[in-house]
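Right, one structure below, let's go through it.
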Amino acid sequence: MANKVLVTAALTYANGPAHLGHVLEAIQTDVYVRARRMMGDEVIFMWADDTHGTPIQIRALREGIDPEQLIARVYDEHVKAYDGFQIGYDIFYTTHSEENRKHAAAIFEALRERGDIEERDVEQLYSEVDQMFLPDRMVQGTCPVCKTPDQDGDSCESCGSTYRPTELIEPRSVISGDTPVLRSSEHLFVPLARHEAFLREWLKPVSDGGTTILQDSVRNFVLSWVDGGLRDWDISREAPYFGIEIPGYPGKYFYVWFDAPIGYIAATEKWCELHGQDLQDWWKAPPGRGDGQTEIVHVIGKDIVYFHCLFWPAMLHAAGYTVPSRVQVHGWLKVNGEKMSKRRGTFILANTYLEHADPAYLRYYLAARLSSNQDDFDLAMDDFVARVNADLVGKAANLASRSIKFINSKLGGTLGPIPEDGVPVIDAVREKLLEVPDLYRNFDSAKALRLAMEMAETCDAYINEHAPWKVIKTDPERARAILTVGVQVSKMVGAVLQPVIPEWGEKIGRMLKLEQPLTFANAAEPLAEGLELGAYETLAERLQSATLDALIEASKADVAADRAVGAAPEDAPSFAYEVEPLAPEVGIEALGQIDLRVGKIVECEPVPKAKKLLRLTVDLGPLGQRNVFSGISQSYAPEQLLGKHVVMFANLKPRTMRFGVSEGMIMAAGQSDDKVTVIELDPRSLPGDKIS
RNA sequence: GGGCCCAUAGCUCAGUCGGUUAGAGCGGCCGGCUCAUAACCGGUUGGUCCCAGGUUCGAGCCCUGGUGGGCCUACCA
């Protein structure tokens with residue numbers, strides 16, 4: 001009987017587009033799901049957007065739209081990205097749904113009936129102007145420890161210290177700038193310590209009679225929290241809060257982390273409704289890996305272990321739902337050795353990748369390096385190229401290519417028998433294939449793919465040794481037999497690659513006229529002698545490093561565009577000021593009308609009786625000198641500008657002013673007249689040179 | 001401040017219970033082959049196993065202390 005397996009990737013937070021960090025997790029999860037299906041397990045992949053909470057409100061506020069509009073737009077972006085990467089989820093749902101409301105209420109009610117909900121007053125900052133309690137992220141002020149201004153309400157990015165928003169010096173509302181006051185309100189708490197016994201049981205390793213599979217480091221980590229004493233968990237937030245209102249407590253909402261994981265259940269319920277399945281079989285069955293049991297597997301990043309290994313199992317247990325059988329934790333994605341960060345420009349969006357490169361490359365590279373550890377993953381672009389080309393193209397694709405093309409072009413396209421000296425090759429490869437399911441089951445795709453490459457290598461050596469391109473001249477049937485080994489092995493290699501590159505398996509299936517989709521079990525079945533092969537289909541083409549260069553460039557542009565909208569990513573500083581909204585979009589031809597040149601300031605003097613003008617003489621090299629009046633005297637003393645290379649708007653129609661004729665403009669940035677900064681160029685630039 | 005995890009060849013990683021001379025793939029270099037997508041084959045290069053102590057007949061592995069990186073947490077640890 002098939003094992004029931006419910007797999008989830010972490011819900012994607014709906015305050016922005018998916019980036020390669022999300023993709024890493026999605027691919028790891030998808031490979032696992034596809035591999036387990038190839039083992040014959042009954043697997044569903046339940047996924048959703050996480051749509052509630054303060055960061056969503058802030059983002060919507062910044063963009064000037066409703067949270068509902070934001071999450072609807074982001075939902076479409078996420079689905080497009082994940083579909084593009086061929087993530088084979090069964091449903092991608094949302095926590096902003098009736099199902100989520102229902103199950104959040106049910107779990108809350110169950111906790112309440114057990115006496116696991118406590119009411120307690122909490123003092124918090126309240127803004128009279130905004131008429132709301134301000135969550136940590138909505139307050140800024142001066143750090144009480146190091147006195148750095150403009151820090152968030154929970155921690156200081158300058159000195160790294162954490163504190164409560166009430167400790168901030170000169171706190172103010174991010175929304176209105178209003179100074180909030182202290183006010184107390186009633187919050188709801190779950191005393192987690194009451195679930196300590198259950199949690200210890202849940203955390204028990206399989207080797208010790210437990211049922212939960214956790215990486216050792218994760219288990220130790222979680223146990224250290226339990227040993228340290230479990231704190232009460234504040235699960236309520238005051239209105240206005242974008243989330244689910246708590247039944248029986250008007251004006252109070254579930255903290256986003258209460259209802260977020262419930263999205264796994266909501267997604268399952270929706271999927272059950274669409275597919276005539278019973279939710280009970282999935283979320284009300286005993287946990288485990290046997291008949292009539294359900295194995296729930298969560299794939300998450302190491303930042304959210306706390307929620308998935310403490311609160312979540314406790315909530316499920318208390319409310320009578322199926323608890324997780326496995327939580328698989330991965331590390332962060334880094335790019336070229338740096339932590340992925342918009343500020344450093346190594347932030348690659350999923351959809352940007354898809355515009356430049358085939359998802360198969362990234363799927364392969366990530367899978368080829370992902371194992372069951374939770375180390376950070378460094379996406380080094382040169383290694384990416386080398387690995388894909390050496391393994392995927394040079395080994396796996398090459399074996400199928402040389403075998404199938406040879407038979408098709410020179411031997412009439414039909415297979416022969418497996419020759420006697422090919423049997424040990426097939427046996428050796430099959431033996432490796434037998435190890436593969438367990439490797440995938442343990443999230444060790446790196447080793448599975450290593451084996452696939454060894455399989456191809458073994459067979460390649462066999463073909464080289466027997467040189468069918470020579471043998472064919474004297475004994476074509478012998479050549480056919482040798483290459484039949486290559487085709488047979490390509491089938492087995494294809495099975496190992498299929499979870500990672502689904503279309504690889506499909507192409508192998510068409511070329512070898514397979515009647516059933518490839519599985520680990522049927523991959524070793526011998527191909528019939530006399531089988532007529534289909535036309536060769538290219539399995540993988542070489543990855544060019546220029547492709548990735550273009551991707552990096554495009555990502556830099558993404559960041560700039562995102563900044564311009566004022567849409568701060570999670571790791572970017574919040575803005576304590578406003579800028580003018582962007583002008584309407586124009587085509588590139590608009591730039592052609594404006595002629596910008598390098599100018600060198602050779603003279604600079606104040607203008608008597610003018611409030612903010614300086615008179616400049618700007619040298620444009622071969623184009624001669626220009627007289628320019630510029631309104632920057634409140635920000636610059638004349639001598640500060642002398643000799644600087646600046647950006648000159650050179651074909652601006654001369655304008656007669658009260659003090660003389662101005663023959664152009666120099667470019668400067670700034671919010672007000674006394675905070676202007678002139679755009680300075682590298683002094684190596686040549687006066688008169690065109691800027692484009 | 002406390003805690004947990006990680007560190008082995010230029011890169012990605014194996015390394016079992018402590019057991020001989022620390023391995024593989026990729027890359028680099030030299031040579032060969034040509035059916036195959038600059039692919040493939042043979043040879044070769046390459047290591048202070050992060051550092052310093054300790055235990056031991058013997059340490060990449062065990063213990064202590066440190067360094068670097070990642071993460072969590074904080075007047076309680």
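Below, chains carry the letters A, B, ... as their sequence lines are ordered, and counting in each starts from 1.
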Exercise for the section: Measure from the side chain of A/Asn398, starting at C-beta and using heavy atoms only, and say which of B/C40, B/C72, B/U34 lies closest. Expected result: B/C40
Exercise for the section: From the options B/C4, B/C35, B/A77, select the nucleotide whose nearest atom is closest to the side chain of A/Phe221. Expected result: B/C4
Pairwise [atom1] distance, [M] and [N] [rounded to whole Å]:
| N | M | atom1 | value |
| --- | --- | --- | --- |
| B/G70 | B/G28 | P | 31 Å |
| B/U8 | B/G23 | C1' | 10 Å |
| B/C71 | B/G10 | C1' | 28 Å |
| B/U20 | B/G15 | P | 16 Å |
| B/C49 | B/U21 | C1' | 15 Å |
| B/G43 | B/A52 | P | 36 Å |
| B/C5 | B/G58 | C1' | 29 Å |
| B/C61 | B/U56 | C1' | 13 Å |

For [X] and [N], what is the distance between atoms [atom1] and [atom2] respectively, to the nearest whole Å?
| X | N | atom1 | atom2 | result |
| --- | --- | --- | --- | --- |
| A/Trp469 | B/U34 | CH2 | P | 8 Å |
| A/Leu223 | B/A77 | CG | P | 18 Å |
| A/Met381 | B/U12 | CE | P | 14 Å |
| A/Phe377 | B/C71 | CZ | C1' | 19 Å |
| A/Ile300 | B/C72 | CD1 | P | 12 Å |
| A/Lys302 | B/C71 | NZ | P | 6 Å |
| A/Ile304 | B/C71 | CD1 | P | 15 Å |
| A/His308 | B/C72 | NE2 | P | 15 Å |

Handout entry: Side-chain donor/acceptor of A/Tyr536 to base of B/U37, under 3.5 Å
Key = yes
What is the nucleic acid contact for [X], judged by heavy atoms within less than 4.0 Å: base, sugar-phosphate only, or nothing?
| X | answer |
| --- | --- |
| A/Asn464 | base |
| A/Arg219 | nothing |
| A/Ile472 | nothing |
| A/Ala540 | base |

Handout entry: Geometric cation-pi criterion, A/Arg369 with A/Phe377: 6.0 Å, 45°
Key = yes
Fill in the blank from the handout: Nearest heavy-atom approach of A/Pro359 to A/Gln86 is CG-NE2, 3.7 Å
Fill in the blank from the handout: Shortest non-hydrogen pair, A/Arg326 vs A/Arg441, comes out as NH1-O, 3.3 Å
Hey, what are the protein-to-nucleotides 24-27 of chain B N/O distances that come in under 3.5 Å?
unit_1	atom_1	unit_2	atom_2	d
B/G25	O2'	A/Arg450	NH1	3.4
B/G25	O2'	A/Arg450	NH2	3.1
B/C26	OP1	A/Lys395	NZ	2.9

Sidechain N-carboxylate O distance under 4.0 Å for [X], [Y]:
| X | Y | answer |
| --- | --- | --- |
| A/Arg387 | A/Asp383 | no |
| A/Glu503 | A/Lys507 | no |
| A/Lys204 | A/Glu201 | yes |
| A/Asp444 | A/Arg450 | no |
| A/Asp234 | A/Arg120 | no |

Exercise for the section: First locate atom CG of A/Leu362, then atom CZ of A/Phe384, and finally report the distance between them rounded to the nearest 0.5 Å. Expected result: 4.5 Å
Problem - Position toward the 5' end of RNA chain B (nearest nucleotide), A/Ala461 or A/Arg402 - result: A/Arg402
Exercise for the section: Select from A/Asp303 and A/Arg542 the residue whose nearest nucleotide in RNA chain B is closer to the 5' end of that strand. Expected result: A/Arg542
Practice task
Go through the steps to decide whether A/Lys432 and A/Glu435 satisfy the test salt bridge (charged side-chain N to carboxylate O under 4.0 Å, His left out), and finish with yes or no.
Solution key: CA-CA 5 Å; A/Lys432 288 187 166 143; A/Glu435 294 180 43; over 6 Å; no
Problem - Pairing string, 5' to 3', for RNA chain B - Watson-Crick or wobble contacts under 3.5 Å, brackets [ ] where pairs cross, | to another strand - result: (((((((..((((.....[...)))).(((((.......))))).....(((((..]....))))))))))))....
Problem - ring-ring contact (aromatic ring centres under 6.0 Å, His included) assessment of A/Trp257 paired with A/Phe311 - result: CA-CA 9 Å; A/Trp257 264 111; A/Phe311 301 139; 8.7 Å; no
Practice task
Compare side-chain N and O positions of A/Trp332 against OP1 and OP2 of B/C71 and report whether any pair is under 4.0 Å apart.
Solution key: yes
Practice task
In sequence, state the C-alpha distance, the side-chain angles, and the governing distance for A/Tyr264 and A/His298, and then conclude on ring-ring contact (aromatic ring centres under 6.0 Å, His included).
Solution key: CA-CA 10 Å; A/Tyr264 299 137; A/His298 296 303; 4.7 Å; yes
Handout entry: Polar side chain donor-acceptor pair, A/Tyr364 to A/Asp391, under 3.5 angstrom
Key = yes
Handout entry: Exceeds 12 heavy-atom contacts within 6.0 angstrom, atom NZ of A/Lys447
Key = no
Can you give me the N/O atom pairs linking the protein to nucleotides 8-11 of chain B at distances under 3.5 Å, or say none if there are none?
unit_1	atom_1	unit_2	atom_2	d
B/C11	O2'	A/Asp383	OD1	2.9

